[in-house]
Structures are given as C-alpha cells and as structure tokens.
Amino acid sequence: MKQVAPVRVRFAPSPTGYLHVGNVRTALFNWFVARHSQGSFILRIEDTDAERSRPEYEGQLLEDLRWLNLDWDESVDIDGGFGPYRQSDRYRIYQQYAQRLLDEDKAFRCFCSEVELEEVRQQQLARGEMPRYSGKCRGLSPADVAARMKSGLSPTQRLRVRQGTVGFLDLVFGRIDIDTNQISDPVLLRSDGSPTYNFSCVVDDILMRITHVIRGDGHISNTHRQILIYEAFGASVPQFAHLPTVLGPDGQKLSKRHGATSVEEFRVQGYLPEALVNYLALLGWSPPEEGKEILAIKEIVSRFDLSRVSRSPAIFDPAKLNWMNRSYLNQKAGDSLVKLAEPYFVSAGLIHPHPGPEVQAWLARVIDAVKTHVDTLSQLPQEVDIIYGFESDPPELDADAQSALQAPEARAVAQEFLRLVEMREPVTPESYREIVGQVKEATRQKGKALFHPIRAALTGRGSGPELERLVPLYEDGSRLDLPRKVMSCRERLRAVLPVIR
RNA sequence: GUCCCCAUCGUCUAGUCGGCCUAGGACAUCGCGCUUUCAAUGCGGUAACACGGGUUCGAAUCCCGUUGGGGACGCCA
C-alpha cells in the first residue's frame, strides 16, 4: 500500500488592505480542497513588505474569514507545530536557509545598486529585449566579495539560475514549461537582509509541508522561479493550481470603482456569507451536474475538484450575486433573520437597540412580509416604510393610490371600510376578513375595485404585500414601544379621511 | 518591446475518448399564467462556439495562423 501524504494547503495573504473578493475566492478554493480531502487549511500571514503591511489589517483578515465560516487548522492563533505563521516572525529561519544556499554556492552576493539595475533595464527595454539581470556579480571571487563587504556595501543575495528548462504540471492550466534564460537570478534576500516573497514563500511551503499551492494566476511566472529554489534545496515540489483572475463588469481588474469589492463591504450591505461563498464558488468552478447552482457549503465541498476549474478570467456579476442572496434570504424564516437584520433597523431608527421578545417576534413577521422584495438586509428598512410611513398630515399617497381613490365608488369602499373598522376595533385577521365581506356586500364592489381602494386608504400605496398580512402587522405594531410609531388601521383610516371625502 | 496564458449567449458556465450539439443550464432581459396590487413563483421566448486555414467520413471539441484580452519581465506580494 502506497502512503499518501495528507493534503496541506495554505492561504497566504498580505495584511496590506481589506480582504478583496479575488483573494476570498483563492481562500475559498484552498479551503474547499482541504475540506474535500480531509486535509489541513493553513493561514499564513505574509508581511515581509514592511512598507505596506499593517498589523491592524491582520485582525480584520481573520474576522472576515470567520464571518465567511472558513475555519483554519493552523495559524497565528492555532499552533499546529509548523509555526510561527507570521513571516515577520520567521526571519531567523530565512537567514539560515539563505546561508545554506550561499555555502553550497547555489546563491551569490550581488552588489549592483538599484539605480544601476534600473539603467540596464531601460537599455534592454529600448532594445526590445526582455529585461533581465545581467549576471554581473555571478562570478565575483570570494576575495572580491570580502573586499566589497569591507568597504561597507551591503549586497543582496541572488539564486544562481541553472541553464535549461523549468516546468510544472498545473492542476488547472496543464503543462507550462519555459526556458530559464527568461528568468533573472532572483533576489532571495534584500540588501537589508529581509527575505523577498519568492524566497520566504518557498522556505515556508517546504517547512510547512504544503502539498498544494493554490493561488491567483498572476503567480504563474513566479512558479518557475520558485521551483528553481525548491531544486536548490533539494526539496520536493508541491502541486500547483492557478486560478483565473476575477474581473470587474467592464472586463478590467476588479477595483473600488466597480462598487463593493471587500468582504467587509458585502457584510455591511447585508449579504449573507453563505450567498457570497456560493456565488464565489461558481466563479471559475462549476459543479458536475447541471442546473443546480444554489449549493450548501457541504455540497460544494463534496463536489469540489480542481480539474473543473476554468482557465479563463471571470467577470464578477453583482446582479447574479443579488439573485443568489435574495434566494438565500427567502429560504430563511423571518425569525432566523431578525438577529442579522436588527442593526439595520436600529440605525434606521425603526426599533430601539436590544429589542425584547415581543418586538423581535413582530419584526420577524415584518421581515417575512417584505423579504421577497429585497436583495440585501440593508434594503429591509426602506421596504418596511410601508408599515411605518404614514405620519404626515394628511398622509402622502403615491400616484397609484391616488388614482385608486379617484372614483366615487372607490371612495365609498374606503369610507364603508373605515365605518366598519371603527365599530370592530381592534382589527384581527378574522374581523378584517369579515369587514371586507361586509364592504363587498354594501358597496357591490369586488375584486380589484374592492381591494385597491382599501389598500390605497390603508397603506397609501398602490402595491405591496398582501393586506391580510399587513393588517395584523399594523395592529400589533401600534401597540409596541417603537422609536417611530406604527399606526393602527383605525388611525390610518382617520388620517386619510380628508383625502377621500 | 520580449515571454507566458486565455478565447462558447450581455454575464457565469456545460461541453472533458472529435459524432448523442439543429450547442444544455443559471443570472439578466422579454412575453404569458397565477394573484385584489407589487414582489415571489410557474411556463415560454430572444441570445453564443472571435476570425481564417488545415486534419478527418465528421470539429465548439485536434493542429497552425490572425485578431482580441490578461499576466509576467522589481531589493511588491
């Protein structure tokens, strides 16, 4: 029996900003692979760029991943025996491994200055060549090196790239081979001694026993350099899988001007994490069976396979995300949405903070009544205006409601309805139905001619949720302690009275 | 500029040994039904193999070229 090493994948973001949907998708696909194969998902913080990395982004990063329900097995907060998991805490390790390469003459010190290198680059570009390192310091003798060190120059350390071809079998793109003459001797250690991305990444992936490197396709060309580093260490090379880029609706790289792009923004706008995960899973991956696109996370995990990942870039489509979020919203019962929706209602001044059970129960019914109209939780308060709004004197009626109350028969319906409501207060679902029956009899109106005027008088609008649902919400809402008053049926009808006279 | 990669409806995609494809699904869009209205929902329609050459009895599927797009070429990740 052949022993198969357990799958170990990693998501290695840089804490240089908010978690972006493109990165989230990379994290997700890694996580899918880990969970599908009962492997480990490792979260590593790549903060070797001191200029741009900010510690506060790290916390945000973890929080965003938690919100998405992506759990990790090892990271800065869970030691799996392969730590530390923050690259800035691993500098000693990089020094040590860099020294080893130097000792074995697989790397060399380079004293070229940045201006000097830039000059050469410009010349090569002008000649229409691919800019690459000249190899100037490759052949420096130990004495030369010692002399320059003594004079106070601080060198970088570069890998000695061998002749020939390097290649790998990408799990999504297939075979990608190139000639090593396309590659400069990559800098491993900067002149200040800090490691570069390509070096720290490889050292960590070796030491953390990463089996599959899954990342954005912008890293394809880095992969060749990195493989050369694995070779220099005599380490086994992991499998690679590169994911196509996520683009904005205009086909350009996704950026702020395309609207929300960070997980934080999607959360604030009231998208459900499961909807965002489901949508992102379908961006570049498709399940083996057709037609089923709303998939629970566990269904995605069980079906996920890198061989079904597309090779071409995908455009992020907010309209489809909206549809998906709506569909998740409608799948959930109102009472399971109350907790999530509460903050939006509180900040809109519709309920007091920390509502009691009565308000919560009422709110759940309110949400059930209007949720088919919204894409996101943040749209709920404006939709709920049909319950609250009616306070101005006289109340504002929309165009549809006004025309519904134009005809004398329509006003008769509304007046009769009011008369009966006055007698039967408070209105229950049962009494509402009875009253409507009596109005029907008294006015000889039915169907649209009957319901439209009632709706207009009661809600001030030409359309909205079913009246049978709205009426009890008005009645019950009017008895609750809310920062903004909900008017009962009678109050509403009295208020419109001047309008329908 | 040089190298690498990609190319099916407006969008995400199915298509994995070339024939079952007069190209399927989902979103969006349009129409119809249901309903007192809107929404939701049900049913149906419009809509694509970038172009040009090959190979083959047969190509969306294989090969070459063109065009278009993306990426790489850093002491960024």
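All values derive from a computational prediction rather than experimental measurement. Order of the sequence lines sets the chain letters (A, B, ...), proteins ahead of strands, with each chain counted from 1.
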N/O donor-acceptor pair, side chain A/H242 with base B/rC5, under 3.5 angstrom: no
Under 4.0 angstrom between A/R469 side-chain N/O and B/rU37 OP1 or OP2: no
Between P of B/rU2 and NE2 of A/H224, the distance in whole Å: 20 Å
Candidates B/rC38, B/rA72, B/rU36 - which lies nearest the side chain of A/L467: B/rU36
hbond_proxy A/E118 side chain to B/rG74 base (donor-acceptor, 3.5 Å cutoff): no
Base paired to B/rA23 (Watson-Crick or G-U; both N/O distances under 3.5 angstrom): none
Identify each atom pair where a protein N or O and an N or O of nucleotides 14-16 of chain B are less than 3.5 Å apart, giving names and distance.
{"unit_1": "B/rA14", "atom_1": "OP1", "unit_2": "A/S286", "atom_2": "OG", "d": "3.2"}
{"unit_1": "B/rA14", "atom_1": "O2'", "unit_2": "A/E290", "atom_2": "OE2", "d": "3.3"}
{"unit_1": "B/rG15", "atom_1": "OP1", "unit_2": "A/R308", "atom_2": "NH1", "d": "3.1"}

Touch class at under 4.0 angstrom, heavy-atom based, for A/T48 against every strand present: sugar-phosphate
B/rU55: pairing nucleotide in any strand, Watson-Crick or G-U under 3.5 angstrom: none
hbond_proxy A/N198 side chain to B/rA77 base (donor-acceptor, 3.5 Å cutoff): no
Distance, rounded to the nearest Å, where A/Q379 contributes CD and B/rA39 contributes C1': 13 Å
A/R162 with A/D185: basic N within carboxylate O range, under 4.0 Å: no
Within 6.0 angstrom of A/Y18 OH, more than 12 heavy atoms from elsewhere: no
No-H, no-angle donor-acceptor pair, A/S221 side chain to B/rC4 base, under 3.5 Å: no
Of A/S14, A/S88, A/S53, the residue whose pairing with A/D47 passes side chain to side chain donor-acceptor pair (under 3.5 Å): A/S88
Geometric class of the A/F108/A/Y133 ring pair [parallel <30°, tilted 30-60°, perpendicular >60°]: parallel
Check ion pair A/E274-A/K332 (N to O, under 4.0 angstrom): yes
Sugar-phosphate only, base, or nothing, as touched by A/R175 at under 4.0 Å among non-hydrogen atoms: nothing
SB check A/R308 A/D305 (cutoff 4.0 Å): no
Position toward the 5' end of RNA chain B (nearest nucleotide), A/R311 or A/E466: A/R311
Complementary nucleotide of B/rC38, counting Watson-Crick and G-U pairs under 3.5 Å: none
Check: B/rA77 base within 3.5 Å donor-acceptor of A/S14 side chain: no
Who pairs with B/rC3 - Watson-Crick or G-U, where each distance is under 3.5 Å: B/rG71
Phosphate contact (B/rU37 OP1 or OP2) by A/R461 side-chain N/O below 4.0 Å: no
Nearest to side-chain heavy atoms of A/D317, which nucleotide of B/rA40, B/rU37, B/rU11: B/rU11
Of the listed nucleotides B/rU36, B/rU2, B/rC75, the one nearest the side chain of A/M130: B/rU2
No-H, no-angle donor-acceptor pair, A/K320 side chain to B/rA26 base, under 3.5 Å: yes
side-chain N/O A/R132 vs B/rC3 OP1/OP2, d < 4.0 Å: no
Nucleotide of B/rC6, B/rU37, B/rC12 approaching A/I315 most closely (side-chain heavy atoms): B/rC12
5' precedence on RNA chain B between A/S154 and A/T372 (nearest-nucleotide basis): A/T372
Aromatic plane relationship, A/F32 with A/F29 - under 30° parallel, 30 to 60° tilted, over 60° perpendicular: tilted
Counter-base of B/rC43, judged by Watson-Crick or G-U geometry with both distances under 3.5 Å: B/rG31
Rounded interatomic separation in angstrom, taking CZ from A/F11 and C1' from B/rA77: 12 Å
Atom OH of A/Y97 with >12 non-hydrogen neighbours under 6.0 angstrom: no
Over 12 foreign heavy atoms within 6.0 Å of CD, A/Q163: no
Counter-base of B/rU16, judged by Watson-Crick or G-U geometry with both distances under 3.5 Å: none
